[in-house]
Amino acid sequence: MAAERARAETTTQVWNDPNAKPYIRIENVTKKFGDFVAVNDVSLNIYRGELFALLGGSGCGKTTLLRMLAGFEQPTSGKIYIDDVDMADIPPYERPTNMMFQSYALFPHMTVEQNVAFGLKQDKTPAEQVKTRVGSILDMVQMRQFAHRKPHQLSGGQRQRVALARSLVKEPKLLLLDEPLGALDKKLREATQFEIMNIQDRLGITFIVVTHDQEEAMTLSTRIGVMNSGQIVQVGTPKEIYEYPNTKFVADFIGSVNLFEGHIVEDEPGHVLISAPEAGTEIYIDHGISSAPGAKVWVAIRPEKMDLTKNRPDDSDRNSAPGIVKGIAYMGNLSVYLIKLDSGKEVKVTMSNQRRAAEHAIDWDDRVYVTWHANSPVALLS
Amino acid sequence: MTNRLSWFVIAALVLGFIFLYGPMAVLVTYSFNANKLMTLWGGFSAKWYPILLDDAAVLTAAKNSFIVASVSATFATVLGTMAGYVLARYRKFHGRTAFSGMVTAPLVMPEVITGLSMLLLFKEMGYWFGWPKAMGFSTVILAHITFSMSYVTVVMQSRFSVFDMSLEEAALDLGAKPLKTFMVITLPIVAPAVISGWLLAFTISLDDLVITIYNNGPGSGTLPQLIFSKVRRGVDPTINALATIIITVVATGVITSHILMTRQEKRKQRDIQAALQSNK
Ligand SMILES: Nc1ncnc2c1ncn2[C@@H]1O[C@H](COP(=O)(O)OP(=O)(O)OP(=O)(O)O)[C@@H](O)[C@H]1O
Ligand SMILES: [Mg+2]
């Protein structure tokens, strides 16, 4: 997983290049259904060859955004450009996009093979070529042996693979995948993720992938856009999103996190000092955040960036919160500790199980100090 | 809850069936009556059937009925499918309520009035446009289309309202134009509803009398018209035989379509089970 995640960092970061031209420009797009705002003033640039993941809770407007790109919904206001062409008057069948539907939308009266071939036939592709391309894409999703079945004769995961194959087979310039892998088991999911990345590398297709699964977003994507109730709250590489979330929502949504409420005591360019009664310690962060002293902040610290010790640290009034071990979950390569701090707040700490059953192992009901390095916490203003 | 039927349920069932099918049972029985008098049972005989089939008037009327019913059902199905599609798909357009009301009005309009108004329309058209010159096949077929289309519309509207729109979107997305999408995706999927709409229109047209009387001319008389005129001259056992044949034809059609539908559904269930079993 780590190797895959590194991919995002090695890809040249076009989005940081001010001269680069975005392939897709979404400008202040809002979509209302009656009075309900499903997509709220979204602006987004996506570059050619990116694999952009849209991440967000149920009902936050991900599908609606994709449907506007595919042409099934018109924005209430705002503009969408694909390859510098205004999409307002372009019907779905003339857009350079293909979409994989969350509901799969397989044609029930056609076999798997006919479903996949449908798009190619609309382009009057020669029959020979249709056959080979359908065959190879069915091989890729491991559905060749079901080529002559109808959709209702397939399981959920099999249907999902057919839907994926049907959207991939035309190799469009822009692929919109709505929850493409949700119904697959772990092994098949990883294999398919790998294939999707392969296709992207090989054909330079631009992907927008909607997912609930943050690990999938981390693994697959060049960048992630996190959505919350119709708005894009943060856009960044998986690493940026994980390490530097810009709001409580993002910190909480991506991975697990311990959040402490507090207020700023000192804010210098080189460091911040935050008083957080909930943590039972002052929190010292080795970079400034430029805000007014006294301002309310939330401090987010990832469980794996915390450490546990039974001995009182030397510098014990900073970055060391005392508490009692209330639970230990053994997860194989790591253990998750649940610590009840003296303030009553519970925090999660993960520790890798490098040493097996060390002498000074931490046990239930032990009194411990939760510590962290000064560069680990992130201070959030909202 | 037990699966045993209580005596009340059985009684209700029996009474209901007698009420619905008693008259028909009598009619069918008396079509095998040897006695020429309707009311007296004179022993079993099938002699009325050959007599019936020798009657040229009956055969012509049957042919006319068949032509009128099949042609009008076909047009009604095309128009009703289009109307049902629009009503189910476009929830908001100018005059939707009016359109919806007008399309389905013939369902509740007294046939006497529908028939009369069609007649007046045809007379006016004949006067102003020179067509139709006389009442006949064309006018009776048009009249039948007008009211049987409403039934097809209702059937198709309810089918289209549960149709999964994303199937059409998927086809558009894959590059099919709207008309093509309708022909190769929508229509094949709703085909069973189209067929049952057609059958409905066909049977409604087949047994219509009132509207037919107003709008038909000489030479295209239908079976109900023939039966009606015969009955006025006194019931003749051949009528029973004719009615029995009609009942048989209609029942066969209905039962066949029912069997086809349930068999398809059963096969689908079996396939789903099989897919779940073999799923790996
Ligand atoms: N056609 C519609 N009419 C009215 N409301 C709609 C319509 N389509 C979507 N919505 C609403 O817009 C909101 C966003 O829907 P959307 O389908 O985009 O969510 P989503 O992010 O894809 O959620 P999920 O992860 O559950 O698929 C939802 O609250 C939904 O109820
Ligand atoms: Mg969705």
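Below, chain A is the first sequence line, B the second, and so on; all start at residue 1.
Contact annotation for B/A171: both backbone and side-chain heavy atoms come within less than 4.5 Å of a heavy atom of chain A. Contacts between A/T97 and chain B at a heavy-atom distance below 4.5 Å involve backbone atoms as well as side-chain atoms. Heavy atoms closer than 4.5 Å to chain B are found nowhere in A/M100, neither backbone nor side chain. Heavy atoms closer than 4.5 Å to chain B are found in the backbone of A/L106, but not in its side chain.
Heavy atoms of other residues, nucleotides or ligands lying less than 6.0 angstrom from CZ of B/F93 number more than 12. Heavy-atom neighbours of B/M125 CE from other residues, nucleotides or ligands within 6.0 Å: above the threshold of 12. Other residues, nucleotides and ligands contribute over 12 non-hydrogen atoms within 6.0 Å of the CG atom of A/D123. Atom CD of A/Q129 is surrounded by more than 12 heavy atoms from other residues, nucleotides or ligands within 6.0 Å. Other residues, nucleotides and ligands place no more than 12 heavy atoms under 6.0 Å from the CZ atom of B/F17. At most 12 non-hydrogen atoms from other residues, nucleotides or ligands lie less than 6.0 angstrom from CZ of B/F66.
The two residues A/R166 and B/A170 have their closest heavy-atom pair at NH2-CB, 3.4 Å.
In this structure the side chain of A/P91 never reaches within 4.5 angstrom of the side chain of B/L172, judged on heavy atoms. Considering only heavy atoms from C-beta on, B/P178 comes within 4.5 Å of A/Y93 through its side chain. The closest side-chain heavy-atom distance from B/E169 to A/R67 is below 4.5 Å. Using a 4.5 Å heavy-atom cutoff, the side chains of B/L174 and A/S167 are not in contact.
Without hydrogens or angle criteria, A/N98 side chain to B/D173 main chain gives a donor-acceptor distance under 3.5 Å. Distance alone, capped at 3.5 Å, is enough to place a donor-acceptor pair between the A/H109 side chain and the B/V184 backbone.
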Derivation of the side chain to side chain contact (heavy atoms under 4.5 Å, CB included) call for A/F118 and B/I185: CA-CA 10 Å; A/F118 186 85; B/I185 302 296; 3.8 Å; yes
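Neither side chain, A/Q122 nor B/K177, offers a donor N or O lying under 3.5 Å from an acceptor on the other.
Here the CG atom belonging to B/D164 is positioned 9.0 Å from the CZ atom belonging to A/F101, to the nearest 0.5 angstrom. Rounding to the nearest 0.5 Å gives a distance of 9.0 Å between CZ of A/F72 and OG of B/S166.
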